[in-house]
Amino acid sequence: MKIEQIYTGCIAHAAYYLSSQGEAAIFDPLRDVQPYIDRATQDKASIKYVFETHFHADFVSGHLDLMQKTGAQIVFGPTASPNYEAIIATDNQVFQVGGVKIQVLHTPGHTMESSTYLIFDEAGEPHAIITGDTLFIGDVGRPDLVQLVKSELTQEKLARHLYQSLRHKIMPLPDHLIVYPNHGAGSACGKNMSKETTDTLGNQKKTNYALRADMSEDEFVDEVLTGLATPPQYFPKNVLLNIGGYEQLDEVLDRAYKPLTLAMFDEMLATGEVFLLDTRSPQDFASGFIPQSINIGLNGPFAVWVGELIKNIQQPLVLITDPGKEEESMIRLSRVGYDHTVGFLEGGIDTWKKANRSLHQIPRLEAQQLDAYIESEKPVLVDVRKESEYEAEHLVPSVFVSLNTLEEKMNTLDKDKTQVVYCAGGYRSMIAASMLRAQGFLKVVDVVGGFQAIAPVTTVDKTTFVCPTSLL
């Protein structure tokens, strides 16, 4: 038996590949499914099943593409009701993949159809649990996503279901089992996930706050619902795609992969209907970019911020990318359901430069330069981190506007003043700076390295607020 975790850091997502005796199964795949097919081909195995732990909110799953490309059957847990052919398993139903048995454990709480898969090896011994968003390393799945879809349930009722699932389905299992969750640190599906992506169940019983043996149901509900950030706005849209179905990725890419000459590019922009998305690194973007373009770089949580900031999932997109990064940009957009790329500027920013078109720039300060700049220029410091990051520690004179609220709160900032923008490490601040420039803020400065670089060197007053653990 082989079980491999296939982890995609930019969206903090883990899929799983299992194979035994010429058969394979995939758990919670991403939409770009070719790597799973290639892995099975390497093992000379046929993909028999695609197991889904629940209807995902933070990405569009690859279950339908895998079914169409390989003939694999899709399996959901009890109560799931997809709009396509799938096996809806019963609680404790067992599936066979080669010599391996996979038992369905219905574990509602994150969602009502949420299920955990208990893996038995060829010797019939319990080996691992694939937990989806029911149990993470250091955390459990948020039970408040019920607000994203029409339901008579409340988040409190879901939290009580989750408590019962953990106590009666997960915690009685043997301590030696390996826990394989669907996400790690950085995912918005929980609030306190570890950077580790696997652990033993026994260690989680000792260290995971939600698995404390002496915790009452009421205490669990209170703790699990405290400190949850607002879910990203694209979550309900992804849920609907995963329930209702979607266009094959190959078709999306065939349509989107359209090199645009400068004349075609100008024509697109003239319609006023496209969103100009620059996926280069923050430093390359800052040195020269096409007016009105927004920078969300591929070298970070790209899909997450696309989904958070581009409100219309059907928004036509035109891309500016590094050469050779066009298809990668489109694939990563599709992972969160943004399937409406209409082309990319052929040759990227060099095409614009060769035509002697004007470029905008965003000045950048090294952290060591910040004190002197504040003293001489008297700018507004804009902190675009999360609330928990800001409350933990921030520069006293800063204005707090988290990146996900910047668009709606931009009118609270004074366009006549210089805005010095910082985040934790420099990725989000360039997104924010590009948004400000696109809306007519001409005096925008970015801080290289963000607060991580600023804190050790600045003499500007900082304030520290000790956050409750649930907010960290």
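Counting begins at 1 with the first residue of the sequence. Quick caveat, the model's predicted, so the values are computed rather than measured.
- A donor-acceptor pair under 3.5 Å is absent between the side-chain atoms of K101 and the main chain of D121, judged by distance alone.
- Taking every heavy atom of both residues into account, C10 and R335 meet most closely at SG-NH1, 3.8 Å.
- Using a 4.0 Å cut-off between charged side-chain N and carboxylate O, D322 and R280 make no salt bridge.
- No more than 12 heavy atoms of other residues, nucleotides or ligands shown are found within 6.0 angstrom of NZ on K206.
- By the 4.0 Å N-to-carboxylate-O rule, K325 lies close enough to E328 to be salt-bridged with it.
- Applying the 6.0 Å contact sphere to CD of E247 captures more than 12 heavy atoms from other residues, nucleotides or ligands.
- By the 30° and 60° cut-offs, the orientation of the rings of F95 relative to Y49 is perpendicular.
- H106 pairs with exactly one of D91, N92, T116 by the side-chain contact (heavy atoms from CB on, under 4.5 Å) rule, that one being D91.
- Considering all non-hydrogen atoms of both residues, S114 and H54 come closest at OG-CB, 3.6 Å.
- S429 and D446 are linked by a side-chain donor-acceptor pair at a separation below 3.5 angstrom, with hydrogens and angles left out of the test.
- Side-chain N or O atoms of T70 include one that pairs as donor or acceptor with a backbone N or O of A72 at under 3.5 Å.
- Using a cut-off of 4.0 Å between Lys/Arg side-chain N and Asp/Glu carboxylate O, D139 and K191 are scored as not salt-bridged.
- When each of I294, V336, L403 is tested with W305 by the rule side-chain contact (heavy atoms from CB on, under 4.5 Å), just one qualifies, namely L403.
- S61 approaches N242 most closely through the heavy-atom pair N-OD1, 2.8 Å.
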* Would you check, one step at a time, whether the test ring-ring contact (aromatic ring centres under 6.0 Å, His included) holds for Y17 with Y36? => CA-CA 7 Å; Y17 168 84; Y36 312 121; 8.4 Å; no
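- Here the side chains of I102 and F51 are in contact, with some heavy-atom distance below 4.5 Å.
- Annotation for A25 and V97: closest pair CB-CG2, 4.1 Å, computed over non-hydrogen atoms.
- Ring pair Y84/F76 is tilted by interplanar angle, where 30° to 60° counts as tilted.
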* Checking side chain to side chain contact (heavy atoms under 4.5 Å, CB included) for the pair V304/I11: CA distance, chi angles, key distance, verdict? -> CA-CA 6 Å; V304 173; I11 56 173; 4.1 Å; yes
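- In this structure, P108 and L162 have side chains that are not in contact, with every pair of non-hydrogen atoms separated by 4.5 Å or more.
- Using modelled atom types and a 3.5 Å distance limit, the side chains of N238 and H56 yield no donor-acceptor pair.
- Using a cutoff of 4.0 Å between basic side-chain nitrogens and carboxylate oxygens, R142 and D133 are not scored as salt-bridged.
- Two residues are said to be in side-chain contact when any heavy atoms from C-beta on lie closer than 4.5 Å; T279 and I320 fail this criterion.
- Annotation: cation-pi geometry satisfied between R385 and F451 (NZ/CZ under 6.0 angstrom from ring centroid, within 45° of ring axis).
- Residues I137 and T197 share a closest heavy-atom pair of CG1-C, 3.9 Å.
- Here E251 does not pair with R255 in a salt bridge; the nearest charged N to carboxylate O distance is not below 4.0 Å.
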* May I have the step-by-step check of side chain to side chain contact (heavy atoms under 4.5 Å, CB included) for F275 and L319, ending in yes or no? => CA-CA 8 Å; F275 186 104; L319 306 181; over 6 Å; no
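- With respect to R31 and D65, no salt bridge is recorded, no charged nitrogen being found less than 4.0 Å from a carboxylate O.
- The residues D199 and K205 are annotated as not salt-bridged, no charged nitrogen and carboxylate oxygen being separated by less than 4.0 angstrom.
- Nearest heavy-atom pair, T79 versus M112, reported as atom, atom and distance to 0.1 Å: OG1-O, 3.4 Å.
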* To do: Give the intermediate values and the outcome of ring-ring contact (aromatic ring centres under 6.0 Å, His included) for residues Y180 and Y117.
  => CA-CA 10 Å; Y180 289 125; Y117 296 102; over 10 Å; no
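- A donor and an acceptor atom, one from each side chain of T154 and E156, are nowhere located under 3.5 Å apart.
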* **Check against ring-ring contact (aromatic ring centres under 6.0 Å, His included), H127 and F120** => CA-CA 5 Å; H127 176 79; F120 293 85; over 10 Å; no
* To do: Determine, step by step, whether V224 and V140 satisfy the side chain to side chain contact (heavy atoms under 4.5 Å, CB included) criterion, reporting the C-alpha distance in whole Å, the side-chain angles of both residues, the deciding distance to 0.1 Å, and the verdict.
  => CA-CA 8 Å; V224 81; V140 292; 3.5 Å; yes
